[in-house]
Number of protein chains: 2
Amino acid sequence: MTTRSTYHHGDLRQAVLAAALDVIAAEGPGALSLRDLARRAGVSHAAPAHHFKDRTGLLTAVAAEGYDLLAGALAGTPELRERGVRYVRFAMEHPAHFQVMFRPELLRADDPVLLAAKERASAELRAGVAGLEDVPDAREAGIAAWSLAHGFATLLLTRNVTEALGGRDPEEYFHSLAGLLFAERHPRKEPKDNPREESRDTPGRSRKGKGRDISP
Amino acid sequence: MTTRSTYHHGDLRQAVLAAALDVIAAEGPGALSLRDLARRAGVSHAAPAHHFKDRTGLLTAVAAEGYDLLAGALAGTPELRERGVRYVRFAMEHPAHFQVMFRPELLRADDPVLLAAKERASAELRAGVAGLEDVPDAREAGIAAWSLAHGFATLLLTRNVTEALGGRDPEEYFHSLAGLLFAERHPRKEPKDNPREESRDTPGRSRKGKGRDISP
DNA sequence: TCCCCGAACTTGTCAATGACAAGATGGGGA
DNA sequence: TCCCCATCTTGTCATTGACAAGTTCGGGGA
């Protein structure tokens, strides 16, 4: 795209967005330069500003896209544990989005597009705990589940738990972790009537790599 | 400190470090400018570089200090749940350190001072699960505990769960969350030999929101 | 068909910054 | 006392974000 015959790029907004994701995923949001993105897209140094206003605008657009992707990833998943797995998967598949989404100081907090997308994702998160009955405080359980998934995803992306996984698939590993939180309180998803310790805790390493087998 | 009679500052390293913490806590690491820190300390624009080499060096120093503070905060805490509470407290009391510590792209990963401090903190984290006996996989339980605490701390600092707390003290709230993970598997902490549990738990709201205070 | 209006992009500029080089200063040990 | 060298200063350059003003072009209306 460095050489371009037409005066108009045609799809500069998407091109800049895509390049931004590459840069962020590789070197973090701090390494992002509008002029560099312009060079990658083969346009003049001020062209990106026409679509995003400024650096904050670009990052806000990335975050909004991220929230929409997350909402889509969580939608239609009845089971809380599987929702957590999808949350972790989302972070792994969209590391750039994930990073930017949780860095408020980089974003224009009152951007309407951002707020709308964030609300969609938020609704999906709330829906995850809506069906819990055998838990004393559903909201608190929701915060616990979110914290566990978010913490694991963050530690994963910052390479703080990679070696601790011992080669196990991160999603499968998290599925196991989530079992420590909620499994025993959801007997309905257990195949047998003895949901206690045994079947819940062991699956980890015995059938490694398989991951996520049960999904109601 | 803007006016200074002596040629030598006296304690520029600490002054810059302190100013950096203020800026990071307020506006994030991205807003950090060596020249701005120099102005705040009342020295020339290149003075900070003599102590930290460059921006990455400064942030690496902040992260190293953070890991040491964290190791100190966790040391001497036998109980895993209380360790989690202290982890969250550390994040709240040292938000600037906490942010920088978990942003590898901003740091010089091979810095020996950083590595040593990180190892000390890592040892404390591992020690937290060393005494677990009634848990099938201690390492996995450790990752779960770390994920829960780290996720909650992160969501707290990014203002993603502030309103969900409903005015409750974050530490007390996390203590409750941690109960969802491990409480029933740690019967030894039941007796009244741990007086701070009581006072810490109750201030929130009535016991109803606490969930899981059941004895095993 | 033509034109013309606004979106898309360019060119030019300025202040701020990080990084580096080379010089000035002075405190404390030999 | 003297001088070494850590500490700090001055000077400079390339890069960047942000803004202003000009240029190109495509499609809708007359």
Side-chain angles (χ1 to χ4, degrees), chain A residues 1-24 26-63 100 103 105-108 111 113, chain B residues 1-24 26-63 100 103 105-108 111 113:
Chain A
M1 270 301 178
T2 305
T3 59
R4 176 172 44 105
S5 54
T6 64
Y7 185 92
H8 289 316
H9 179 282
D11 199 11
L12 182 58
R13 187 186 162 90
Q14 284 307 313
V16 168
L17 226 33
L21 292 178
D22 285 347
V23 173
I24 295 171
E27 308 172 65
L32 213 155
S33 153
L34 289 180
R35 292 173 105 105
D36 177 51
L37 297 179
R39 278 190 293 270
R40 293 179 185 232
V43 295
S44 77
H45 65 85
H50 189 267
H51 293 273
F52 301 101
K53 164 74 175 169
D54 55 12
R55 230 181 81 104
T56 302
L58 170 58
L59 290 169
T60 301
V62 169
V100 174
R103 214 152 299 180
E105 77 273 11
L106 300 180
L107 309 177
R108 203 156 346 250
D111 181 271
V113 176
Chain B
M1 270 302 179
T2 308
T3 59
R4 176 171 43 103
S5 55
T6 64
Y7 187 92
H8 290 315
H9 179 282
D11 199 12
L12 181 58
R13 186 187 164 90
Q14 284 308 311
V16 168
L17 226 33
L21 292 178
D22 285 347
V23 173
I24 296 172
E27 309 172 64
L32 213 153
S33 151
L34 289 181
R35 290 173 105 106
D36 176 50
L37 297 179
R39 276 190 295 270
R40 291 179 185 232
V43 295
S44 78
H45 65 84
H50 188 265
H51 292 274
F52 302 101
K53 164 74 177 170
D54 55 12
R55 231 180 81 104
T56 303
L58 170 59
L59 290 169
T60 301
V62 170
V100 174
R103 215 152 298 179
E105 76 274 12
L106 299 180
L107 310 177
R108 206 162 336 256
D111 181 90
V113 176

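Computed from a predicted structure; not experimentally measured. Lettering of chains follows the sequences in order, A, B, ..., and the numbering in each one begins at 1.
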Specify the separation, in whole Å, of atom [atom1] of [X] and atom [atom2] of [N].
X	N	atom1	atom2	answer
K53(B)	dC8(D)	NZ	C1'	17 Å
D54(B)	dC20(C)	CG	P	7 Å
F52(A)	dG17(D)	CZ	C1'	16 Å

Do [X] and [Y] have side chains that approach each other closer than 4.5 Å (heavy atoms only, starting at C-beta)?
X	Y	value
D36(B)	R39(B)	yes
R40(B)	V23(B)	yes
H45(A)	R35(A)	yes
H51(A)	V16(A)	no

Starting the side chain at C-beta, find the nucleotide from dT10(C), dC19(D), dC8(D) nearest to H50(B). dC8(D)
Strictly under 4.0 angstrom, non-hydrogen atoms only: write out the protein contact profile of nucleotides 11-16 of chain D, one letter per nucleotide from the 5' end, B, S or -. BB---S
Phosphate contact (dA7(C) OP1 or OP2) by H51(A) side-chain N/O below 4.0 Å: no
State which residue, out of L37(A), T60(A), L34(A), fulfils the side-chain contact (heavy atoms from CB on, under 4.5 Å) condition with R55(A). L34(A)
Identify all stems in which DNA chain C takes part, counting only runs of at least 3 consecutive pairs (Watson-Crick or G-U wobble, each distance under 3.5 Å), and give each as one range with another, ordered by first number. C:1-30 with D:1-30
